[in-house]
Engineer: 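Okay, handing you the structure first.
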Protein chains: 2
Amino acid sequence: MPWSPEQKIQTREKILHSAARLFTRNGFEKVSINDVMQQAGLTRGAFYKHFASKSELYSEAIVYGARKVVAERKSRAIDMKSVLEAYLSRDHVEAVDGACPLAFLVSDIAQQGNIDQKAYQQVLEGLIDILTKESGQSEDTALLSSILMIGGVALARAVNDESLSDRILSVARNETRKQLIENGGE
Amino acid sequence: MPWSPEQKIQTREKILHSAARLFTRNGFEKVSINDVMQQAGLTRGAFYKHFASKSELYSEAIVYGARKVVAERKSRAIDMKSVLEAYLSRDHVEAVDGACPLAFLVSDIAQQGNIDQKAYQQVLEGLIDILTKESGQSEDTALLSSILMIGGVALARAVNDESLSDRILSVARNETRKQLIENGGE
DNA sequence: GTCTATATCTCGATAGAC
DNA sequence: GTCTATCGAGATATAGAC
């Protein structure tokens with residue numbers, strides 16, 4: 001195999017997929033490069049031909065993971081109401097793949113450096129953009145919905161008791177739905 | 001020094017204080033036992049005469065840290081409105097001491113074991129209890145306020161830009177205030 | 001570009017002197 | 001009960017054969 005310009009891109013994609021999956025659920029520190037590469041079907045040594053460091057992988061994985069969530073949600077449901085229900089659902093809270101980094105890593109990010117916070121903010125602004133443009137909410141209402149979505153999922157994931165977790169999701173769902181009806185454009 | 005029954009309690013308290021301070025801001029993995037003991041003015045070796053493991057210290061530090069927040073807030077302001085304003089403030093987001101573990105560790109907890117989630121839930125139920133009993137909100141409204149408080153502070157801490165961070169706090173403040181007026185008992 | 005091997009470091013936890 | 005010293009595991013990152 002003399003050259004393989006697009007095979008390298010594919011491998012990179014595989015690493016990113018594995019990284020997004022593992023980082024989102026377990027955070028930066030609890031995931032090793034070995035874990036990521038093993039799940040991608042490779043070994044440690046190959047990693048540094050694709051990324052400069054673990055930190056670089058982390059911030060790229062956040063953006064990658066968020067893009068996948070958006071693509072997935074868009075392909076399944078068009079109306080914003082269904083998107084909100086799916087986001088604030090038990091399936092999402094327990095998702096092993098395709099979970100939203102915004103909710104799953106909200107306090108993990110604050111502990112990392114500025115580069116990761118920038119990546120996180122960029123993704124958050126993308127969410128706010130979707131909420132304003134596709135459902136006609138004001139920016140403040142979109143911000144409020146974001147807090148309820150991210151805070152709701154994060155909190156539902158933190159508690160031990162599933163019935164309390166479900167109540168948290170339910171309350172957040174009801175309120176975001178209300179925001180959508182009262183302040184939505186359509 | 002033949003015996004010192006209460007000096008041991010004092011030392012334990014010192015370790016817990018240091019642990020709550022460091023863990024709350026940096027999470028479980030980014031803080032070493034050495035860090036905790038050093039800030040408490042001791043060395044590693046003495047640690048295991050007070051706690052069985054790092055995990056045990058972590059869950060105890062969460063409860064300890066939350067109790068300190070409640071005690072601090074109660075001593076300064078009586079009315080719930082002031083408490084909410086202080087909680088959803090920049091001072092709290094940037095606090096190096098006395099920050100609320102519920103907000104600062106919301107996604108860190110989900111990555112740890114069940115014991116830590118139980119400790120977290122216990123603290124959360126304490127907050128819900130305060131919100132219902134001391135401001136006459138229904139349980140659902142109290143839950144909603146909790147999501148806004150915890151989610152608001154967590155999200156404000158995650159983003160890079162301070163102006164966006166302030167807008168998040170502002171939106172969350174306005175909404176919790178509204179909840180308090182509409183659904184509060186007094 | 002991927003592999004094995006390894007250098008270097010940090011951490012949790014333990015042992016033993018005082 | 002606190003100290004210094006150390007064990008052993010596991011991490012990031014690098015080197016070199018293929």
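Proteins come first, then strands; the chains are lettered A, B, ... in the order of their sequence lines, and each starts at number 1. Just so you know, these numbers come straight off a predicted model, no measurement behind them.
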Engineer: Please list all pairs passing the salt bridge (charged side-chain N to carboxylate O under 4.0 Å, His left out) test where one or both residues lie in residues 52-65 of chain A, with sequence neighbours left out.
Structural biologist: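 Matches after skipping sequence neighbours: Arg12(A)-Glu60(A).
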Engineer: How many Å lie between NZ on Lys54(A) and C1' on dA13(D), as a whole number?
Structural biologist: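 Checked: the NZ to C1' distance equals 12 Å.
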Engineer: Decide if atom CZ of Arg67(B) counts as having more than 12 heavy atoms of other residues, nucleotides or ligands within a radius under 6.0 Å.
Structural biologist: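 At most 12 heavy atoms, drawn from other residues, nucleotides or ligands, come within 6.0 Å of this atom.
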Engineer: Give me the stems containing DNA chain D, sorted by first residue, counting only three or more consecutive Watson-Crick or G-U pairs with both distances under 3.5 Å; say none if there aren't any.
Structural biologist: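 C:1-18 with D:1-18 - these are the stems of 3 or more pairs that involve DNA chain D.
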Engineer: Send over the distance from Leu57(A) CG to dT12(D) P, rounded to a whole Å.
Structural biologist: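 Whole-Å distance recorded here is 10 Å.
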Engineer: Atom CD of Glu29(B) to atom C1' of dT12(D): distance rounded to whole Å?
Structural biologist: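 My rounded result for the distance is 15 Å.
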Engineer: Roughly how far, to the nearest 0.5 Å, is CD1 of Ile147(A) from CD of Glu175(B)?
Structural biologist: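 Between Glu175(B) CD and Ile147(A) CD1, I get 9.0 Å after rounding to 0.5 Å.
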Engineer: Does a salt bridge link Glu72(B) with Lys68(B), judged by any charged N lying under 4.0 Å from a carboxylate O?
Structural biologist: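 No.
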Engineer: Below 4.0 Å from chain B heavy atoms, what is the first contacting nucleotide of DNA chain C and what is the last?
Structural biologist: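 Taking any atom under 4.0 Å from a heavy atom of chain B, the span is dC11(C) to dT14(C).
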Engineer: Among residues 30-39 of chain B, which residues get a heavy atom nearer than 4.0 Å to DNA chain D?
Structural biologist: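 None, since no heavy atom is under 4.0 Å.
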Engineer: Roughly how many Å is it from CZ in Arg44(A) to P in dA13(D), rounded to a whole number?
Structural biologist: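 Arg44(A) atom CZ is separated from dA13(D) atom P by 12 Å.
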Engineer: When we call it a touch if two heavy atoms are under 4.0 Å apart, what does Lys49(B) touch: a base, just sugar-phosphate, or nothing?
Structural biologist: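 Base contact.
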Engineer: Restricting to pairs with a member in residues 78-87 of chain A, which pass salt bridge (charged side-chain N to carboxylate O under 4.0 Å, His left out), not counting sequence neighbours?
Structural biologist: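 Applying salt bridge (charged side-chain N to carboxylate O under 4.0 Å, His left out) to every pair that reaches into residues 78-87 of chain A, excluding sequence neighbours, yields Glu85(A)-Arg177(A).
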Engineer: Restricting to pairs with a member in residues 113-131 of chain B, which pass salt bridge (charged side-chain N to carboxylate O under 4.0 Å, His left out), not counting sequence neighbours?
Structural biologist: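 Listed once each, the pairs are Asp129(B)-Lys133(B).
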Engineer: So do Tyr58(B) and Leu105(B) actually touch side chain to side chain, heavy atoms under 4.5 Å?
Structural biologist: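 In short, these two side chains touch, coming nearer than 4.5 Å.
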Engineer: Would you please classify the geometry between the Phe28(A) ring and the Phe23(A) ring as parallel, tilted or perpendicular, with 30° and 60° separating the classes?
Structural biologist: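 Plane angle under 30°, so parallel.
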Engineer: Any chance CD of Glu139(A) has more than 12 other-residue heavy atoms, nucleotides or ligands included, within less than 6.0 Å?
Structural biologist: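 At most 12 heavy atoms, drawn from other residues, nucleotides or ligands, come within 6.0 Å of this atom.
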Engineer: Checking Ile130(B) against Met80(B) for the side-chain contact (heavy atoms from CB on, under 4.5 Å) test, could you report, in this order, the C-alpha distance in whole Å, the side-chain angles of both residues, the deciding distance, and whether it holds?
Structural biologist: CA-CA 9 Å; Ile130(B) 292 174; Met80(B) 194 53 60; 4.0 Å; yes
Engineer: Atom CG of Asn183(A) and atom CG of Leu131(A): how far apart are they, to the nearest 0.5 Å?
Structural biologist: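 If I round to the nearest 0.5 Å, the distance is 12.0 Å.
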